[in-house]
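These notes are about the structure you will find just below.
Quick caveat, the model's predicted, so the values are computed rather than measured. Lettering of chains follows the sequences in order, A, B, ..., and the numbering in each one begins at 1.
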There are 2 protein chains.
Amino acid sequence: MASRSDTKTRILDAAEKLFAERGFSETSLRLITSKAEVNLASVNYHFGSKKELIRAVLARYLDVFMPAASNQVNQLNTAPTKATLEEILSSLVDPLLDLNALRAGGTSIFLQLLGRGYIESQGHLRWFITTHYGQHLDAFIKAVSASAPHIPPAEMFWRLHFTLGTIVFTMASADALNDIAAAEFGEHNDIEAVIRKVIPYMAAGISVPVNS
Amino acid sequence: MASRSDTKTRILDAAEKLFAERGFSETSLRLITSKAEVNLASVNYHFGSKKELIRAVLARYLDVFMPAASNQVNQLNTAPTKATLEEILSSLVDPLLDLNALRAGGTSIFLQLLGRGYIESQGHLRWFITTHYGQHLDAFIKAVSASAPHIPPAEMFWRLHFTLGTIVFTMASADALNDIAAAEFGEHNDIEAVIRKVIPYMAAGISVPVNS
DNA sequence: AAATAATTTAAACACTCGTTTAAATTAAAC
DNA sequence: GTTTAATTTAAACGAGTGTTTAAATTATTT
């Protein structure tokens with residue numbers, strides 16, 4: 001079965017890169033299989049359909065990231081002092097950067113896939129994530145809410161989605177923005193530098209008092 | 001020429017609604033023309049191509065919104081007291097809501113189109129907006145920068161793009177989020193309520209001190 | 001009213017898409 | 001080594017896409 005998993009992996013590797021770059025519906029199976037140097041029909045043979053391939057691509061990252069992320073959050077919860085919001089957000093940086101060890105550019109690819117998925121799939125991805133990784137999400141949401149107890153739950157719902165938009169849009173266009181920043185300001189940032197820039201922005205927005 | 005502009009308008013009206021709901025590439029010309037009750041070929045006759053139709057749909061809003069928005073910013077600039085960041089952002093609310101007078105649901109449609117456009121078209125929309133409406137954008141960026149002089153230009157560049165992501169992602173999925181908020185918290189927000197929720201978030205993020 | 005221009009229409013074109021089929025090939029089991 | 005199962009392959013299918021064409025219709029101009 002060496003060839004089987006080899007073909008599956010080649011498909012997943014090619015697909016995630018193309019999905020992140022061009023979006024799901026803009027990426028044809030023919031483009032994926034030609035980049036992966038496998039036969040067109042092997043996608044349907046190994047994954048059943050394009051939709052299931054998309055889910056497999058996302059799951060490969062979520063299965064690694066989600067447990068690592070909620071581990072970090074749980075560690076903060078058991079610490080003697082209550083974690084600040086910025087500490088909670090910063091605790092996700094390592095799990096995110098560890099995805100680069102999984103595959104080259106993994107951090108950026110994962111965040112771009114997340115963004116594309118949330119926008120393209122009319123709610124399907126939201127359902128997929130909440131049903132498969134809901135426990136991990138709940139731990140994170142609870143920790144964030146506890147760090148900003150002055151924010152009502154409904155308001156926090158909106159602010160966490162504002163935050164999702166911030167991170168996801170930023171990462172989807174991080175490469176282009178880095179080019180502009182380099183040309184305009186002489187800055188040369190990598191993905192980690194951008195993540196560390198965005199955390200104070202998000203933390204301030206999430207915790208700003210209501211009606212001020 | 002009554003029929004000519006009538007057909008053009010019918011196409012634009014049907015297209016913008018479908019584009020906002022399903023995205024550009026997910027909306028076929030056949031769906032647009034059947035909703036508009038015009039012939040399929042009339043899109044190419046009146047607009048040349050689907051890509052030019054998309055631009056026409058966006059331009060119909062941008063031509064109204066952009067001058068109105070920079071008018072508001074200029075009025076703040078001539079006021080006796082320096083405008084706060086939240087005042088600057090809030091000054092865009094009226095121009096946004098005035099789009100509802102243009103067409104039913106205009107505000108929501110415009111913001112969703114903006115979000116879809118920025119995400120779907122790999123940089124094409126960014127180029128289209130900066131080249132056609134760059135002067136209006138510059139006035140806005142200058143006003144925001146002046147309201148937060150403690151933020152270096154390079155940092156402000158990043159934060160304004162964080163903000164673009166926040167607003168664009170939120171609006172692209174505003175309907176879905178509103179449905180969830182209604183089901184989960186009994187909240188029934190319209191587009192104005194969401195806009196007024198996101199402004200404090202963005203203002204706090206843009207102006208938070210660096211390295212804090 | 002006749003001639004010209006603008007618009008609408010139905011049909012077809014050329015292409016891409018995801019998926020399926022059945023035969024060929026390779027691997028595993030007995 | 002033969003049989004059985006798993007995988008790969010080339011080809012085709014049916015449906016959907018944006019666009020083009022040329023004739024029919026409508027509006028405008030002379």
In whole angstrom, what separates [X]'s [atom1] from [N]'s [atom2]?
| X | N | atom1 | atom2 | answer |
| --- | --- | --- | --- | --- |
| A:Glu52 | C:dT19 | CD | C1' | 13 Å |
| B:Arg10 | C:dT7 | CZ | C1' | 15 Å |
| B:His46 | D:dG18 | NE2 | C1' | 17 Å |
| B:Ile11 | D:dT19 | CD1 | C1' | 14 Å |
| A:Asp6 | C:dA27 | CG | P | 12 Å |
| A:Lys50 | C:dC17 | NZ | P | 8 Å |
| B:Tyr45 | D:dG18 | OH | C1' | 19 Å |
| A:Glu37 | D:dT9 | CD | P | 11 Å |

Less than 4.5 Å apart, any side-chain heavy atom of A:Val168 and any of A:Leu111?
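A:Val168 vs A:Leu111: side chains apart.
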What I'd like to find out is whether the side chain of A:Asn74 reaches to under 4.5 Å of the side chain of A:Phe140, using heavy atoms alone.
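Not touching, per the 4.5 Å side-chain cut-off.
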List for me each residue that meets salt bridge (Lys or Arg N to Asp or Glu O under 4.0 Å) alongside A:Arg126, sequence neighbours excluded, and say none if there are none.
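Scan of A:Arg126 (salt bridge (Lys or Arg N to Asp or Glu O under 4.0 Å), adjacent residues dropped) gives none.
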[X] side chain: which of [options] is closest?
| X | options | value |
| --- | --- | --- |
| A:Ala41 | C:dT19, D:dT9, C:dT8 | D:dT9 |
| B:Asn44 | C:dT7, D:dA12, D:dT19 | D:dT19 |
| A:Asn39 | D:dT9, D:dT19, D:dT7 | D:dT9 |

Within 45° of the axis and under 6.0 Å from the centre of the six-membered ring of A:Phe110, does NZ or CZ of A:Arg103 qualify?
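No.
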Using the ring of B:Phe65 (Phe, Tyr or Trp, six-membered ring only), decide whether B:Arg60 places NZ or CZ under 6.0 Å from its centre and within 45 degrees of its axis.
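Negative - B:Arg60 is either too far from the ring of B:Phe65 or too far off its axis.
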Looking at five pairs on each end of the helix from C:dA1-D:dT30 to C:dC30-D:dG1, what is the angle between the two axes, given to 10 degrees?
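Result, rounded to 10 degrees: 10°.
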Between B:Ser42 and C:dT7, is there a contact of a side-chain N or O with OP1 or OP2 at under 4.0 Å?
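No, because none of the side-chain N or O atoms of B:Ser42 sits under 4.0 Å from OP1 or OP2 of C:dT7.
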Any residue of residues 26-33 of chain A with a heavy atom less than 4.0 Å from an atom of DNA chain C:
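Within this stretch, A:Thr27, A:Ser28, A:Leu29, A:Arg30 sit under 4.0 Å of the strand.
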For [range], which residue pairs qualify under salt bridge (Lys or Arg N to Asp or Glu O under 4.0 Å), counting only residues two or more places apart or in two chains?
| range | result |
| --- | --- |
| residues 23-42 of chain A | A:Arg10-A:Glu37 |
| residues 45-58 of chain B | none |
| residues 159-176 of chain B | B:Glu155-B:Arg159 |

For A:Thr7 and A:Tyr45, does a side-chain donor sit closer than 3.5 Å to a side-chain acceptor?
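No pair is found: no donor N or O on one side chain lies under 3.5 Å from an acceptor on the other.
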